[in-house]
Amino acid sequence: MPDIAPRYTPTEIEEKRLKLWDEKKPFHAHAGAHTKGPYTIVIPPPNVTGVLHMGHALNNTLQDILIRYKRMQGFDALWMPGTDHAGIATQNVVEKQLVKEGLSREILGREKFMERLWDWKKHHGDTIINQLHKLGSSCDWDRTRFTMDDDYSHAVVEVFVTLYERGLIYQGSYIINWCPRCQTALADEEAEHKDAQGNLWHIKYPLKNDPSNFVVVATTRPETMLGDTAVAVNPKDERYTHLIGKTIVLPLINREITIIADDFVDREFGSGAVKVTPAHDPNDFAMGRRHNLEFINVMHPNGIMNHNAGSFNSLDRFEARQQIVKALEEQGLLLKIEPHSHAVRRCYRCDTIVEPYLSKQWFVKMKPLADKALKAFHDGDLRIQPKRWEKVYENWLVDIRDWCISRQIWWGHRIPVWYDEHGNHFVARSEVDAKAQAKARHGKDVMLKQDPDVLDTWFSSWLWPFATLGWPNTSADLKYFYPTATLFTAPEIIFFWVARMVMAGIEFMGEVPFKDVILHGTVRDAKGRKMSKSLGNAIDPLEIIKEYGADALRFSMILNSGQDIYISKEKFEIGRNFTNKLWNASRFVMMNLKSEAKIDDFSQIDLKNLDTASLWIISRYQTALTDVTKALEEFRYSDAENTLYEFFWATYCDWYLEMIKGRQDDINTQKTAYLVLKNTLKILHPFIPFVTEELFSYLDGKETLLTLEPWPLIETRYINTAAQSDIGTIVELLTAVRNVRAQWNIKPNEPVECVIITSESARACIKANEAMIQRLVKIAAIKYESSAEGIKNSATGVIGEIKFFIPLGTLIDVAKEKARISAEIAQMEKSASAIEGRLANEGFVQKAPTDVIEKERMRMQELKTSATALKKALECLV
RNA sequence: GGACCCGUAGCUCAGUUUGGUUAGAGCGCUUCCUUGACAUGGAAGAGGUCAGAGGUUCGAGUCCUCUCGGGUCCACCA
């Protein structure tokens, strides 16, 4: 192996690593390869239309950290990758292309259009997968699935048919959310509420028998009045009781409608009378059913008024609105226009205002599914983090409404339903099955036509955790790797995806699809705005990778992640600087490293002859490892990185490597520096996989696939414990400094660095005064042994022994130092008297718990003695 | 209209669950330093009425109420 290159070039080494990983396939998971069992996660499948954005980068980095960690722990760690066909989104993209060519899907016809879509998928659909790959995601790439793969589609059909057979899928005419631009039905979740400034138009509806009298109705959508088939009032509303049953002549088209009474009507709102348009409003639809009203549809699916609109036929719905208002005004039927802000539903894909529209669609009956998902949650089969999202999940399931799953587009899973010429439907797994059913029904072969619609995208994604493993076929993999362990995703899709996956998992696998759901924040710019292309504030992850490296991208992002993540380009310098530091420190350790120093285990270090700084770093390393492991177990990745950043940079580099300069010939020191670095690289690997593996391979002297290396063991014997105080040690320590100065001939104003090993009892006291002592004598590190046995194992075997080495050249200003210490003494005395005051307070003594009082008393004692000791210490400074 | 989250140093956040040391960290900033691992570096330092008001308490960043500011999710009053 050649030496580590003097300069760190992320792009180069990342390419090299990716190539190696593609070749060796270390991410491939075999059922039963390891004793620890399976650990599965599935990727939230990105859309095939997508290009990598920061949200993906975050989501996938989190998953990669988890799965690499689990792999190193010895699990059969499977990360299932794949993409979603994203029905409407993808169809829109291709339709836009067609427009450029002067074509449309109607011109092309279904078959040709589908070809174009598959073509598009083939050439662009894997873009995002390649980009995730670049990020270092350790997915089992050979298993990459697509929601429209043959076997996956098979699963979708199976689910549809099974649910139908279980009575959980039905067809019906209802008011659904209709996007006039995409010309398809949308689920409730796909029609987003957005506030809009509109008007409330108050319109006079004349009575038939008394045309000079009116009922006033208010509406935000005047164009729908053409489809009115009643006016409703509250039965308890005295203003109107005499009018119930009377006839009204609907203005503009002079159709006669009746005044009905319905409890739904709010007497307080508007005029207290409501126009009823059963074909264009969900409430009115319900009223229409209750009162057997006529359903008059006044619009074409594209939002253009139809023949029922009389003279407004062929106008766009918003144009019609204006014309109608104008006409009403001219006829003196417009009472007033009131500004009114309300929420309007818009298509989540194209932002077009959604029209409540009456049509025949397929629905999933959600209540029975939701109840099971709720029960699983209440039974603790499912945990959601952060906890505040639990309620969101719960509420949605409690108030759940049926799910409209048919879409009037072509890109997607065709609904497995066939119709005969009478309109009877046959739900079947295949056309052959459907034909057989029809034959049984009619006693002869009949012509069947398949439903032209396709299924909602989420009707396939909700099967993702098990359909990717081959369901409905029972494979060994499915049995072994299901259920998955943890799901990392964005809170936006709790309803769309998470809750529905839980339902499908329980319904078809009899088990929740994952134990833990971790919902992470949104990536925002420095000003807190969502990153989006349209705002122009998006930072392209690929650009960051190119400039700083994927490791830097990953590291910076996770380090920055709080609830939401605020990112600007400069933030990525932290990651770049850190990886660069890692590189240089490794170079330093490798300089003049003897080959026998290349060890794998701490037991190969002769602790008895080890310098104290090395003992200290081993202990600090063990502490860091413990903290990081704990943080990883609790999904606190930002904390884990912080610990590592601190440990490696501030502790290992700034202190330890500086301290051992000059004694690097010592084989034990070399061993320690080497092994601690090597293990730190391991611990850092899940976070920054490229640079750690590259450096590890240099250190190891051979190509190593770090993700297959075992996670380092926590060796508690190297970890120090806390204890009580022994103020004498400080005095002893400071006196010793004087002696050492004399012995080593160091000038009085020249500070020295030292590491001490001391008894457990001195810890608290030294700890409390560490800052001051460091200034005074530069205590680099303190090693504590907590028991007699520990002391026996320690390098010196002597309690309270103080070792000094490495005089520093930096001068300090003694007078300034004295002033500082005096200030500290004053501070301590102040604190002590504050506690004294508290202890003198009757209320405190009477009401505070005794252990608190005891603690306070001890603290005051400590402060007092510390202050005394420091006063003595001042005398040391000549 | 309902529910939730956030407000702590110039910036990003810990700390609040269970009230009890002198409220912490990183970045940034200031000053100084560098000829051999690293200026993508090293050392030292300044910087906070814990959004505001009131309450509970011997004691509040932490618990309660309200106000202000920022954000998110849900929602069929036309």
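Labels below follow one simple rule: chain letters A, B, ... track the order of the sequence lines, proteins then strands, and each chain is numbered from 1. Please read all numbers here as calculations on a predicted model, not as lab measurements.
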Length of the line joining [X]:[atom1] and [N]:[atom2], which is rounded to integer Å:
X: A:Leu699; N: B:rA37; atom1: CG; atom2: P; value: 16 Å
X: A:Phe264; N: B:rA78; atom1: CZ; atom2: P; value: 9 Å
X: A:Arg576; N: B:rC38; atom1: CZ; atom2: P; value: 16 Å

Original post:
Of the nucleotides B:rG20, B:rA78, B:rU12, which one has an atom closest to the side chain of A:Phe844?
Top reply: B:rG20

**OP:** Return the nearest nucleotide to the side chain of A:Asp654; candidates are B:rU72, B:rG42, B:rU57.
**Re:** B:rG42

**OP:** Apply salt bridge (Lys or Arg N to Asp or Glu O under 4.0 Å) to the pair A:Asp237 and A:Arg267, showing each step before the final yes or no.
**Re:** CA-CA 7 Å; A:Asp237 193 336; A:Arg267 284 184 280 182; 5.2 Å; no

OP1 or OP2 of [N] under 4.0 Å from side-chain N/O of [X]:
X: A:Trp649; N: B:rG42; result: yes
X: A:Asn577; N: B:rG41; result: yes
X: A:Tyr393; N: B:rC73; result: no

Subject >> All side chain to side chain contact (heavy atoms under 4.5 Å, CB included) counterparts of A:Asn177, not counting sequence neighbours >> reply: A:Leu186, A:Asp188, A:Ala191, A:Arg345, A:Val354

Subject >> is_close_aromatic(A:Phe555, A:Phe687), centroid dist under 6.0 Å >> reply: no

Original post:
With rounding to whole Å, what would you report as the distance between B:rG61 and B:rC50 at their P atoms?
Top reply: 7 Å

Original post:
When rounded to the nearest Å, what value does the distance between P atoms of B:rU62 and B:rU56 take?
Top reply: 15 Å

Subject >> Stem segments of RNA chain B by first residue number [Watson-Crick or G-U, under 3.5 Å, at least 3] >> reply: B:1-7 with B:68-74, B:10-13 with B:24-27, B:29-33 with B:41-45, B:51-55 with B:63-67

Original post:
Is A:Glu646 reaching over with its side chain to a backbone N or O of A:Glu641, donor-acceptor style, under 3.5 angstrom?
Top reply: no

Original post:
Has the side chain of A:Asp284 got a donor or acceptor atom that lies under 3.5 Å from a matching backbone atom of A:Thr277?
Top reply: yes

**OP:** Flag this pair as yes if the NZ/CZ of A:Arg290 is under 6.0 angstrom from the six-membered ring centre of A:Phe285 and inside a 45 degree cone about the axis; otherwise no.
**Re:** no

